[in-house]
**Student:** 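What follows is a structure written as structure tokens; I'll ask about it next.
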Amino acid sequence: MSYTHTVTVPLSWEDAVQRTRAVLGEQGFGILTEIDVRSTFEAKLGIDAGDAVGDYIILGACNPMLASRALAADPALGALLPCNVVVRRGKDARETTVEAIDPQTMVQLSDSLVVRAVADEADAKLREALHRLADAAAARPATL
């Protein structure tokens, strides 16, 4: 089983990050955390490590209504929240990859029917966000 949903878009990394935030917001997700992996690697491991990973950001996306339902059903699921969305682009890449966690992985860890329903809804919303990102990029590609 794949644990992410992935789209690759003909957008600059900066534009992909901006548009990813927008489509997540349209689906009711806010960004709780943001990890700039490249900057962290450069600071801790050196510029070569940053260059090796390329532009890479992890957005901790949370839909409060879904998170509330999931945590009420199984408080231990907090260890799996927020839903991580990665925007990454290699040094010489001409496209940017956006990956979102597949919420169905929660279902594998919980027997709760409520968690299954929340995972189904979160999955639909994340897939829709990625679909909208891909459609918007195809309709109005940014300068690479």
Side-chain angles (χ1 to χ4, degrees), residues 1-44 49-144:
M1 174 181 182
S2 175
Y3 55 91
T4 63
H5 302 304
T6 305
V7 297
T8 301
V9 291
L11 300 173
S12 69
W13 185 77
E14 294 84 2
D15 200 20
V17 171
Q18 178 184 5
R19 291 186 190 192
T20 298
R21 289 176 187 278
V23 296
L24 288 170
E26 292 169 5
Q27 295 300 309
F29 290 89
I31 305 302
L32 298 180
T33 61
E34 182 175 311
I35 302 167
D36 185 334
V37 176
R38 180 188 191 112
S39 292
T40 300
F41 280 18
E42 285 178 357
K44 303 290 183 182
D51 285 345
V53 74
D55 293 322
Y56 197 114
I57 192 167
I58 303 170
L59 302 173
C62 179
N63 181 306
M65 296 299 290
L66 297 177
S68 175
R69 287 175 35 212
L71 292 175
D74 186 350
L77 284 176
L80 300 176
L81 299 177
C83 293
N84 285 332
V85 177
V86 171
V87 182
R88 62 183 174 84
R89 182 178 173 121
K91 181 179 177 184
D92 297 321
R94 305 234 354 115
E95 297 177 310
T96 303
T97 300
V98 181
E99 297 174 301
I101 185 71
D102 180 348
Q104 297 301 324
T105 57
M106 290 189 298
V107 174
Q108 296 176 19
L109 302 174
S110 175
D111 294 329
S112 169
L113 293 177
V114 173
V115 171
R116 183 175 307 278
V118 169
D120 289 345
E121 192 171 341
D123 187 47
K125 289 180 177 297
L126 287 170
R127 284 179 185 262
E128 180 62 21
L130 293 178
H131 178 74
R132 289 183 182 197
L133 177 64
D135 283 353
R140 299 170 296 175
T143 304
L144 302 174

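Everything quoted here is computed from the prediction, not taken from an experiment.
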**Student:** Check whether any side-chain heavy atom of T33 sits under 4.5 Å from a side-chain heavy atom of P82, and report yes or no.
**Tutor:**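 In contact.
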
**Student:** Between N63 and E121, is there a side-chain donor-acceptor contact under 3.5 Å, judged purely by atom types and distance?
**Tutor:**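 No, no side-chain donor-acceptor pair sits under 3.5 Å.
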
**Student:** Has the side chain of T4 got a donor or acceptor atom that lies under 3.5 Å from a matching backbone atom of A100?
**Tutor:**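 Checking the backbone N and O of A100 against the side chain of T4, no donor-acceptor pair under 3.5 Å is found.
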
**Student:** Counting C-beta onward and ignoring hydrogens, is there a side-chain heavy-atom pair between D102 and S2 closer than 4.5 Å?
**Tutor:**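 No, too far: nothing below the 4.5 Å cut-off.
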
**Student:** Without swapping roles, check the side chain of R116 against the backbone of D120 for a donor-acceptor pair under 3.5 Å.
**Tutor:**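 Checked: no pair found.
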
**Student:** Under a 4.0 Å threshold between the charged nitrogen and the carboxylate oxygen, would R89 count as salt-bridged to D55?
**Tutor:**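 Looking at D55 and R89, the cut-off is not met.
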
**Student:** Side chain of S68, backbone of M65: donor and acceptor closer than 3.5 Å?
**Tutor:**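 Side chain of S68 to backbone of M65: no pair is present.
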
**Student:** Which atom pair, heavy atoms only, marks the closest approach of A16 to V87?
**Tutor:**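 Nearest pair, atom of A16 first, then V87: CB-CG1, 4.0 Å.
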
**Student:** Does any pair with a residue in residues 70-87 pass side-chain hydrogen bond (donor to acceptor under 3.5 Å, both in side chains), and if so which ones, sequence neighbours excluded?
**Tutor:**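 Qualifying pairs: D74-S110.
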
**Student:** If we only count heavy atoms from C-beta on, is the V85 to I101 side-chain gap below 4.5 Å?
**Tutor:**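 They are not in side-chain contact.
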
**Student:** Could you check if a side-chain atom of D51 sits within less than 4.5 angstrom of a side-chain atom of F41, using non-hydrogen atoms only?
**Tutor:**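 A side-chain contact is absent here, since even the closest heavy-atom pair is not under 4.5 Å.
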
**Student:** So do I57 and E34 actually touch side chain to side chain, heavy atoms under 4.5 Å?
**Tutor:**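 When only atoms from C-beta onward are counted, I57 and E34 do touch, with a gap below 4.5 Å.
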
**Student:** Between R132 (side chain only) and A22 (backbone N and O only), is there a donor and an acceptor less than 3.5 Å apart?
**Tutor:**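 Not a single qualifying donor-acceptor pair exists.
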
